[in-house]
Student: 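My questions all concern the structure below.
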Amino acid sequence: MKAYDHKKIEKKWQEAWAKAKIYETKDSVPGRDNFYLLVEFPYPSGNLHVGHWYSFAIPDILARKFRMEGKNVLYPIGFDAFGLPAENAAIKNKVNPREWTESNIDYMRGQLRSMGASFDWSREILTCDPAYYKWTQWLFLQLHKSNLVYRKETKVNWCPNDKTVLANEQVIDGKCERCGHEVVQKEMLQWNIKITEYADRLIDDLEKLDWPEPIKESQRNWIGRSEGAEIDFPLDIGGEKMKVVYLHGFESRPDRPRNLWYKAGLEQLGYEVVIPTLPNPDFPSEEEQVAAALNATTYDENTVLVGHSLGAVVAMKVLEKLDKPIARLVTVGGFCNRNFKDRPRNFDAKFNWTFDGEKIRRNAKSITILHDPRDTGISDDQAKALSELLNTPITLGVSNKPHFTGDTEPDVLMWLRPTIRVFTTRADTLFGATYLVLAPEHLWVTLALQHKTVLKNNGEVAAYVEQAKKKTELERQENREKTGVKLEGVEAINPATGERIPLFVADYVLAGYGTGAIMAVPAHDERDHEFAKKFNLPIKQVVARVLRAVSGGDAVRSDVGWKERDAVMAVVKHWANDECLCIQWKEHEMHTFPSGGIEQGENAADAAAREAREETGYKNIEITKQLGGFDYIEFYHQIKKTNVRARFRYFLGRLRDDERSAVSAGESAMHEVVWKRPDELRAFLMLKEKDRILDLLAGKEEGAYTGQGIVVNSVGFDGLTVEEAKKKMTETFGRRKTTYKLRDWIVSRQRYWGVPIPVIHCAKCGIVPVPDDQLPVLLPETDDYLPDGKGKSPLAKVASFVQVKCPQCGGQAERETDTLDTFVDSSWYFLRYTDPLDEKEFAANEKQANWMPVDLYSGGAEHTTMHLLYSRFWHKALFDKQLVADSEPYLRRMNRGIILGPDGQKMSKSHGNVVDPDEIVERLGADTVRMYLAFIGPYNEVASYPWNPDGVVGIRRFLERVWRAQEFVTESSKIDDKKYTAVERVLHRAIKKVGDDTDQLKFNTAISQLMILLNAIEKEKQLGAEQWNTFLKLLAPFAPHVAEELWHESGHDSSTHAEPWPVFDPKLLLDEEVAIVVQVDGKTRDEIKIAADASKEEVEKAAREKVASRLEGKQIVRTVVVPNRLVNFVTS
RNA sequence: GCCGGGAUGGCGGAAUUGGUAUACGCAUACGACUCAAAAUCGUACGUCGAAAGGCUUGAGGGUUCGAGUCCCUCUCCCGGCACCA
């Protein structure tokens, strides 16, 4: 027997497999199902570490096993070759990033080959190859066509060290993911992709994916959907005297509910509202209507003129006739031509359709054009014409009924009056909103500051806003002390209570989330509570908690009904001692404070005093204060025999002296009065609410109550549950709204080594996409990769690249010089593997159809909210363009853990604990490294495993024992021979378990089963040739070289990897004789060996005999027999 | 703080989903082979106990004939998000 020489055989077989091209995957093979096994392709960092082995060599086990099972497996490889490190290395070492990248790739190819992995190298792709990025550019332009790409001045994360913009996902704890430098916020013109438009689908489609739950959950959290409401708070700006003149439309009347609703809303703010009656609304003419409008009132600089629909035309005609300007013109669903979407109108000929746009503009200091794209009559083109006429951008509105004809139209009202719109998930607490908070960047704040006279403390607010904007993410995170400034001179009106409430700017409200403004409910939100405490703002309870008795005599019963009532409880202190007045009931299990219901018209505090007097006889009780607010207490009333849901208030009182009148006979028969010291109360009281009352008594500071409960102090809504009130208040005061934490994806990078964004800036034509036939836009060669630090890409310095003819007008234009985020490259690479050489398409439909969607995608948890989310989005965008056939790219996801250094720390050069796989492969062989990593623990977990150098040796020992086991193989292959049967049963169990465990990604237990099998073989010291063949086939996916070598050693010419996966015989899975545990009273006492097919009775009988001595003198009350497992005798 | 996952020998980890807890491997000890060492092979290896027999799956309680597994309470560790209204 030759010695096991891993170096020789690994080299030999790797070359042989490559030469035979056995892993070059055909698009389809008759009789075989296609299986697409994808691993995240590596970044060409230059050197493979153990983590790479874990990523690539372990999934290879699956690839090989699935092939043996008859699947046509695609297991491709490529390189995510663009990106910052190449460029940083280029700057540091003065080498070309392309050369650096290519030489790294060359080196890594060799290392990857040394794994003995069955990659199909013929499909290799490089994202920095123009043949690849041509299609990255093309796909980007497809998204651009779908209006998913836009350019916007955005506050972005800027890394001053890498001198580039980072995506939100690339900022970890306020620091750059790549270099660790602190990230600053910067306003820059950036390319964005509207991933937010897909937020719902990205969450909802997770349902149908076979992914680990933690990954799905992280994506859901990251997208951060929350359902809530938008509520408008009207502003009252002191000194503003406005008159609103409202001109209704065609076939309308001044007294339509909607118009009256507008009137009420505006008058609430002290506005004067005029709604002229316009003559002949069903057959209107310009002359009559304009005259009526002009006669109805006077127009001056305090007038807001509103025209709905045709009213807008009338309004413009009115403006044409005025000789001095008004404050504002608002058109609602207005128009200036007759190109209606639906039908012609009868007023067509009675109006003059030419307008003096200039005069109208001169006569209105500001103009708002409100248009709803879902309008059934007014087309977008009509709105656009109006916008051009008045030289004013369109404000998009949402109507409740098309054309803003609902009974209420909040969007219109919002534009008629200054309003702050807030987003809240707790609409039920609206009555408790005692102030508003705006983010420092809120538009209204910005406008007010510009205006200068709106805020009385303009300077102070300006200073705060300035300072808040300068804070970095890190500073915001470190110092969470609430800060803010009140906006003096402005008040908002709580739409529910009508109360005037103050406004603040504070940086605890984020501009980027919701509407950038919140209603603050300090009683029921911790942040608002903290702020209110600091600024001494009122805290108003509007939700009462529900305390339910669940044990003891007053526990709520399911068999009786409910009674509701208002109640009070009195905590009365002794006149001299530190004791409280308590009541102990005689016939019932009740220990309480005096309490009872409030009588008709009675004051709550008086009721508390009265109850205490009546129940105890003490006369001189004075109530000193209320403790806390409302609580609902639910309990079973033992005397009235009914459940009670009582809305309680607690009062603190004092007894002046011991003067006492006789307690009524009824009362004294039921209970007696006892005095308890505070330290005895906890033990004495049985009420559910005692902890809360005792906390209140102790004067413990009460924070915000954020839980469920019942609404109080909210006229018209009292008694509703939180959930019911949310719904009802949203309907009454606002509208439903869903918001997301997810931000749009900023894809431009101001760096050299990436895909040029294929766009041209033309002074005349604006942004012009590069035509398809001019793709790819090649990355130009340059020696100057240094970014300028101000946000200009190095490409901007390459004049020959920048200067270009505009493809539309032919004039001189400039190329976009930013490059794309590398996550764009990797958002579609798996599609390219299906058709890697196609020059006409990014991947032909029929080629995609062979493989997509990916059957199993393996990778790390670090990509959960980055690559994995981006590529799902990208795929959906392509799906909507019908460029791909599925809405999700990956059916099943498996998650790889992390390999730590031998010291249990993350591997890093600074720790000096880096394990070099090349060295171990050299010393122990690739098969050992593969198998050790597979054996270290379950693969599909978010977990980390330390590399144990001794453990690796154990696997090497196993392979050497396998090698030596060839000695035991006899020529005979007759497995029915008695001497082989012991091994045969273990072998069949192994076939089952290795197969099952591998499918479930539990490679560690699959390998342990191979070890058990080998142990059995060594014990018998002989096995048949067929058994040996089967063993090698089971081993093949795990240790491909050893298995192949031994396979050939035992006389085969074919490859073991092309062999079919063994099949087990179910009959052989169980031993003929099984060991059955015998328990007495659940304790294992002995075991019996008995034929596997023995009957229940036989088993029980044998067991009883076995433990007869222990059963002596005992009564068996029950016998439990679990087939092939145990017998349990239960004695009395 | 919120959301997810977890805690089993000296270590990595098993446990047919409620049925012999500690499979398999590592480490360790002893023995065989050897002049010796390494390698290899064999034996032992949760814990208390001489043994019989107890006790053990982060802690405490519960359900069950039977709990690592199910339920409740708590502690700690890991991961994600984090002033997201």
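Here is how names work: the chains are called A, B, and so on, in the same order as the sequence lines, proteins then strands, and each is numbered from 1.
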Student: B:rC65, B:rU20, B:rG54: which one has an atom nearest the side-chain heavy atoms of A:A1075?
Tutor: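 The nucleotide sitting nearest to the side chain is B:rU20.
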
Student: Kindly say if A:R220 contacts the phosphate of B:rC2, meaning a side-chain N or O under 4.0 Å from OP1 or OP2.
Tutor: no

Student: Nearest nucleotide by nearest heavy atom, which residue falls closer to the 5' end of RNA chain B, A:E526 or A:I1007?
Tutor: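 The residue mapped nearer the 5' terminus is A:E526.
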
Student: Which value, in whole Å, describes the distance between the P atoms of nucleotides B:rU73 and B:rG5?
Tutor: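 Between the two P atoms, the distance is 16 Å.
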
Student: If the P atom of B:rG12 is compared with that of B:rC78, how far apart are they to the nearest Å?
Tutor: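 Taking atom P in both B:rG12 and B:rC78, they lie 15 Å apart.
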
Student: What's the CZ-P distance between A:F935 and B:rC24, to the nearest Å?
Tutor: 10 Å

Student: Relative to the 5' end of RNA chain B, which residue comes earlier, A:T425 or A:E960, by the nucleotide with the nearest heavy atom?
Tutor: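 The answer here is A:E960.
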
Student: Can you tell me how far C1' of B:rG4 sits from CG of A:L206, to the nearest Å?
Tutor: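 In whole Å, B:rG4 C1' and A:L206 CG are 14 Å from each other.
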
Student: Could you check which nucleotide pairs with B:rU28 in any of the strands shown, counting Watson-Crick or G-U wobble with both distances under 3.5 Å?
Tutor: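 The base-pairing partner of B:rU28, which may sit in any strand shown, is B:rA44.
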
Student: Does B:rG49 pair with anything, Watson-Crick or G-U wobble, both distances under 3.5 Å, and if so, with which nucleotide?
Tutor: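 The base-pairing partner of B:rG49, which may sit in any strand shown, does not exist here.
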
Student: From CZ of A:F958 over to P of B:rG25, roughly how many Å is that when rounded to an integer?
Tutor: 9 Å

Student: Given that both distances must come in under 3.5 Å, which nucleotide forms a Watson-Crick or G-U wobble pair with B:rG1?
Tutor: B:rC81

Student: Are OP1 or OP2 of B:rA85 and a side-chain N or O of A:R426 less than 4.0 angstrom apart?
Tutor: no

Student: Please state the P separation for the pair B:rU28 and B:rA21 - nearest whole angstrom.
Tutor: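 The same atom, P, in both gives a distance of 30 Å.
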
Student: Does any donor atom in the side chain of A:R961 or A:N1015 lie under 3.5 Å from an acceptor atom in the other side chain?
Tutor: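 Yes.
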
Student: Is it true that A:E217 and A:R220 make a salt bridge, defined as a side-chain N closer than 4.0 Å to a carboxylate O?
Tutor: yes

Student: What is the nucleic acid contact for A:D528, judged by heavy atoms within less than 4.0 Å: base, sugar-phosphate only, or nothing?
Tutor: nothing

Student: I'd like the P distance from B:rG19 over to B:rG13, given in whole Å.
Tutor: 23 Å

Student: Excluding sequence neighbours, so at least two apart, what forms salt bridge (Lys or Arg N to Asp or Glu O under 4.0 Å) with A:E526?
Tutor: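 Once residues adjacent in sequence are excluded, A:E526 has no partner under the salt bridge (Lys or Arg N to Asp or Glu O under 4.0 Å) criterion.
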
Student: With both distances under 3.5 Å as the test, what is the Watson-Crick or G-U wobble partner of B:rU16?
Tutor: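 Looking at the geometry, B:rU16 pairs with no nucleotide.
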
Student: Considering only side-chain heavy atoms of A:Y945, which listed nucleotide, B:rC81, B:rA85, B:rG12, is closest?
Tutor: B:rG12

Student: Determine the interatomic distance between C1' on B:rU69 and the same-named atom on B:rU17; round to the nearest Å.
Tutor: 7 Å

Student: Distance under 6.0 Å and angle within 45° of the ring axis: does A:R957 meet both against A:W963?
Tutor: no

Student: What distance, rounded to whole Å, do you find between the two P atoms, one in B:rG6 and one in B:rG18?
Tutor: 15 Å

Student: At less than 4.0 Å, is any side-chain N or O atom of A:R1085 found next to OP1 or OP2 of B:rU20? Yes or no.
Tutor: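 Checking A:R1085 against B:rU20: no side-chain N or O falls below 4.0 Å of OP1 or OP2.
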
Student: Answer yes or no: is there an ion pair linking A:R1104 with A:E1100, defined by an N-O contact shorter than 4.0 Å?
Tutor: yes

Student: Is A:K482 positioned over the aromatic face of A:Y508, cation under 6.0 angstrom from the ring centre and no more than 45 degrees off axis?
Tutor: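 Yes, A:K482 and A:Y508 form such a contact.
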
Student: Please state how far atom CD1 in A:I1088 lies from atom C1' in B:rU20, giving the value in whole angstrom units.
Tutor: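 It is 13 Å, rounded to the nearest whole Å.
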
Student: Where do A:E227 and A:R736 come nearest, in terms of heavy atoms and distance?
Tutor: OE1-NH2, 4.1 Å

Student: Without swapping roles, check the side chain of A:N494 against the backbone of A:A433 for a donor-acceptor pair under 3.5 Å.
Tutor: yes

Student: Nucleotide by nucleotide, 5' to 3', does protein get under 4.0 Å of the base (B), only the sugar-phosphate (S), or neither (-) in nucleotides 71-80 of chain B, counting heavy atoms?
Tutor: ----------

Student: Dump every N/O contact between nucleotides 15-19 of chain B and the protein below 3.5 Å, one line per pair.
Tutor:
unit_1, atom_1, unit_2, atom_2, d
B:rA15, OP1, A:K1002, NZ, 3.4
B:rU16, O2, A:R1125, NH2, 2.7
B:rU16, N3, A:R1125, NE, 3.3
B:rU16, N3, A:R1125, NH1, 3.0
B:rU16, N3, A:R1125, NH2, 2.3
B:rU16, O4, A:R1125, NE, 3.4
B:rU16, O4, A:R1125, NH1, 2.7

Student: In Watson-Crick or G-U wobble terms, both distances under 3.5 Å, what is the partner of B:rA7?
Tutor: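 Matched B:rA7 with B:rU75 under the 3.5 Å cut-off.
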
Student: Which value, in whole Å, describes the distance between the C1' atoms of nucleotides B:rC2 and B:rC11?
Tutor: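 To the nearest whole Å, 34 Å.
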
Student: Distance check: side-chain N/O of A:N1015 vs OP1/OP2 of B:rG25, anything under 4.0 Å?
Tutor: yes

Student: So, applying side-chain contact (heavy atoms from CB on, under 4.5 Å) with A:W53, which one of A:I899, A:I920, A:L933, A:V915 is it?
Tutor: A:L933

Student: Could you walk me through whether A:R426 and A:D428 pass the salt bridge (Lys or Arg N to Asp or Glu O under 4.0 Å) test, one step at a time?
Tutor: CA-CA 5 Å; A:R426 291 298 304 272; A:D428 56 299; 2.9 Å; yes

Student: In terms of side-chain heavy atoms, does A:H863 have a donor or acceptor partner in A:E40 at a distance below 3.5 Å?
Tutor: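 Looking only at side-chain atoms, A:E40 and A:H863 do form a donor-acceptor pair, the distance falling under 3.5 Å.
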
Student: Determine the interatomic distance between P on B:rC76 and the same-named atom on B:rG53; round to the nearest Å.
Tutor: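 Those two atoms are separated by 41 Å.
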
Student: What is the distance, rounded to the nearest whole Å, between atom OH of A:Y513 and atom C1' of B:rA85?
Tutor: 7 Å

Student: Looking at B:rA85, B:rC83, B:rC41, which one has an atom nearest to any side-chain atom of A:R964?
Tutor: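 Minimum distance to the A:R964 side chain belongs to B:rC41.
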
Student: Round to a whole Å and report the spacing from CD1 of A:I1012 to P of B:rG25.
Tutor: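 Distance check: A:I1012 CD1 to B:rG25 P gives 8 Å.
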
Student: Should A:D200 and A:R225 count as an ion pair when the cut-off is N to O under 4.0 Å?
Tutor: yes

Student: What is the separation between atom CG on A:L1014 and atom C1' on B:rG25, rounded to the nearest whole Å?
Tutor: 13 Å

Student: Nearest to the A:V1077 side chain among B:rU20, B:rA14, B:rC41, which nucleotide is it?
Tutor: B:rU20

